[in-house]
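So the structure is just underneath, and the comments pick up after that.
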Amino acid sequence: MLEPFAQSQPLTFGVELELQLVSLADFDLSASSPDLLHLLARKPFPGNVTPEITESMIEINSSVHSCYGPLLEELRNIRDTLVAAADQLNIGIAGGGTHPFQHWSEQRIFPKQRFQQLSSLYGYLAKQFTVFGQHVHIGCASGDDAMFLLHSLNRYIPHFIALSASSPFVQGQDSLFDSARLNSVFAFPMSGRAPFTLSWDDFANVYFAKMEATGIIKSMKDFYWDVRPKPEYGTIELRVCDTPLTVERAAALAGYLQALCRHLLERREQAPVEDDYLVYNFNRFQACRFGLDGAITHPKTYETMSLREDILTTLRKMEPHGEALGSMDALRHLAQVVQEGGDATYLRRQFEQQGSAEGMVDAAIRQFRGKR
């Protein structure tokens, strides 16, 4: 049985980032999370840090915030704490949705019961899940608001994929995708999108109850949807973003989502309907494959438009919300990304300039540290 939808302050938000642990000797992934977590446990940590499914990953979680500025400050404090600890272990920490040349077969599952169970169930997919994403939680006043937001956001999912895309290289090759990471997520049977209902009662007591009765799922954690409700927190969770190369971009993406949710909750757009999803997979593919250079089809008018121009138009539309929420700097940051190119473009440029994938990883480590 799904727990009741908890009360939370609407539009509060928090960020989760999955990060790469890298050997500074050869710039491959390093199975260092047990040592790093042990070292970090010796003193207070801003936010929270936990293991991830393989030992070359960690996940950091911010506190709950209502404003972009304090979130950015906390993410910077978390970054600085991580970097100081990593320096003691002679490892690097990097963002990016994929490591460019690690081999999944060499990864080690972290010794935690849930991770071991996932490995047993999903086989090699569990090790191939050594990919790195950003998740953003948005507080909702009710379960019905959560379902409304979850489905209203379908129109904007390509924005977040393209703005965060940082996984062009896989297994030593340029995948030709700006976000190849999401292809690994899509391999899981419970990925994709949530079923269409705007009623929390229908979702919890009809859909979830049926799924639970099948024995296929036991909790919301078993769904790998692009956006999913988190009733224990009273939030929805956006899950499509690659981990950006910098915490500044991670905070900006969260600020954009908060402004967009404020806009949607004011019911300034047509309500979502099931047919909106007719174009969903195509739009998502365009953003993954071509990033900001993709084209998307509007779910209600069926007009095809430039993703780059659609993002810029939406960022301008969000300015009154950015002013009200104190997140104008976040919107300006993302407008600059649209105009100058994102992390996938940066990584490809670094590969060309450095002449090696190792040099590209070194550049990503310096980006995370805040050093060019």
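As a basis for the values below, the full set of heavy atoms in this structure was taken, side chains included, without hydrogen atoms, waters or symmetry mates.
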Is a side-chain N or O of [X] found less than 3.5 angstrom from the main chain of [Y], in a donor-acceptor match?
X	Y	result
Ser327	Ala330	no
Thr243	Gly95	no
Glu16	Ser62	no
His99	Phe27	yes
Ser179	Ser167	no
Ser33	Ile58	no
Thr98	Phe169	yes
Asp242	Ser166	yes
Gln367	Leu245	no
Ser32	Asp35	no

Please determine whether a side-chain nitrogen of the Lys or Arg among [X] and [Y] lies less than 4.0 Å from a carboxylate oxygen of the Asp or Glu.
X	Y	value
Lys221	Glu232	no
Glu106	Lys127	no
Glu266	Arg262	yes
Arg239	Glu18	no

Review point. Can you find a side-chain donor-acceptor pair between His321 and Gln258 that sits under 3.5 Å?
Key: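 No pair is found: no donor N or O on one side chain lies under 3.5 Å from an acceptor on the other.
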Practice item. Ignoring hydrogens and angles, state whether a donor on the side chain of Ser56 or Gln107 is under 3.5 Å from an acceptor on the partner side chain. Key: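 Yes, because at least one side-chain N or O of Ser56 sits under 3.5 Å from a partner of the opposite role on Gln107.
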Check your understanding: Any cation-pi pair here, Arg267 with Phe148, using under 6.0 Å and within 45°?
Key -> yes
Check your understanding: Is the Lys NZ or Arg CZ of Lys112 less than 6.0 Å from the centre of Phe110's six-membered ring, within 45° of the axis?
Key -> no
Are [X] and [Y] close enough that their ring centres sit under 6.0 Å apart?
X	Y	result
Phe129	Phe188	yes
Tyr277	His151	yes
Phe160	Tyr256	yes

Check your understanding: Should Phe368 and Val247 be marked as a side chain to side chain contact (heavy atoms under 4.5 Å, CB included) after you check the CA-CA gap, both sets of side-chain angles, and the distance that decides it?
Key -> CA-CA 7 Å; Phe368 183 76; Val247 295; 4.0 Å; yes
Heavy-atom pair with the smallest gap, counting every atom of [X] and [Y]:
X	Y	value
Ser199	Asp202	OG-N, 3.1 Å
Ser175	Ala180	OG-CB, 3.5 Å
Ala146	Ile236	O-CG2, 3.4 Å
Ser191	Val185	CB-O, 3.4 Å
Asp329	Arg332	OD1-NH2, 2.7 Å

Mark yes when over 12 heavy atoms from residues, nucleotides or ligands other than [X] sit less than 6.0 Å from its [atom1]; otherwise mark no.
X	atom1	answer
Gln7	CD	no
His38	NE2	no
Tyr122	OH	yes

Point to revise | Rounded distance [0.5 Å steps], CZ in Arg268 versus NE2 in His263 | key: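 Taking CZ in Arg268 and NE2 in His263, the distance rounds to 7.0 Å.
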Exercise for review: Could you please spell out the steps behind the side chain to side chain contact (heavy atoms under 4.5 Å, CB included) verdict for Ile60 and Leu19?
Suggested key: CA-CA 8 Å; Ile60 61 99; Leu19 297 167; 4.1 Å; yes
Point to revise | Name of the residue among Glu237, Arg228, Lys230 meeting side chain to side chain contact (heavy atoms under 4.5 Å, CB included) with His135 | key: Glu237
Is there a side-chain contact between [X] and [Y] in this structure, where contact means two heavy atoms from C-beta onward sitting under 4.5 Å apart?
X	Y	result
Leu260	Tyr156	yes
Asp226	Tyr280	yes
Gln171	Gln102	yes
Met211	Ile217	yes
Leu334	Ile311	no
Gln354	Asp362	no
Pro100	Phe351	no
Pro195	Trp225	yes

Study note, to complete from the structure: For residues 147-164, the salt bridge (Lys or Arg N to Asp or Glu O under 4.0 Å) pairs (sequence neighbours left out) are Arg155-Asp310
Review point. What's the verdict on side chain to side chain contact (heavy atoms under 4.5 Å, CB included) for Leu198 and Asp144, showing C-alpha distance, side-chain angles and the deciding distance?
Key: CA-CA 6 Å; Leu198 300 180; Asp144 286 352; over 6 Å; no
Review point. Is Tyr233 reachable from Phe223 through a run of hydrophobic residues whose side-chain heavy atoms are each under 4.5 Å from the next?
Key: no
Let me have the donor-acceptor pairs involving side chains of residues 81-94, under 3.5 Å, with sequence neighbours excluded, atom names and distances please.
unit_1: Thr81; atom_1: OG1; unit_2: Asn77; atom_2: O; d: 2.8
unit_1: Asp87; atom_1: OD1; unit_2: Arg369; atom_2: NH1; d: 2.9
unit_1: Asp87; atom_1: OD2; unit_2: Arg369; atom_2: NH2; d: 3.3

Exercise for review: Report the C-alpha separation of Met147 and Phe5 in whole Å, then their side-chain angles, then the decisive distance to 0.1 Å, and conclude whether the side chain to side chain contact (heavy atoms under 4.5 Å, CB included) test is met.
Suggested key: CA-CA 11 Å; Met147 300 311 293; Phe5 196 87; over 6 Å; no
Side chains of residues 63-73: which donor-acceptor partners sit under 3.5 Å, not counting sequence neighbours?
unit_1: Ser63; atom_1: OG; unit_2: Glu74; atom_2: OE2; d: 2.6
unit_1: His65; atom_1: NE2; unit_2: Glu74; atom_2: OE1; d: 2.7

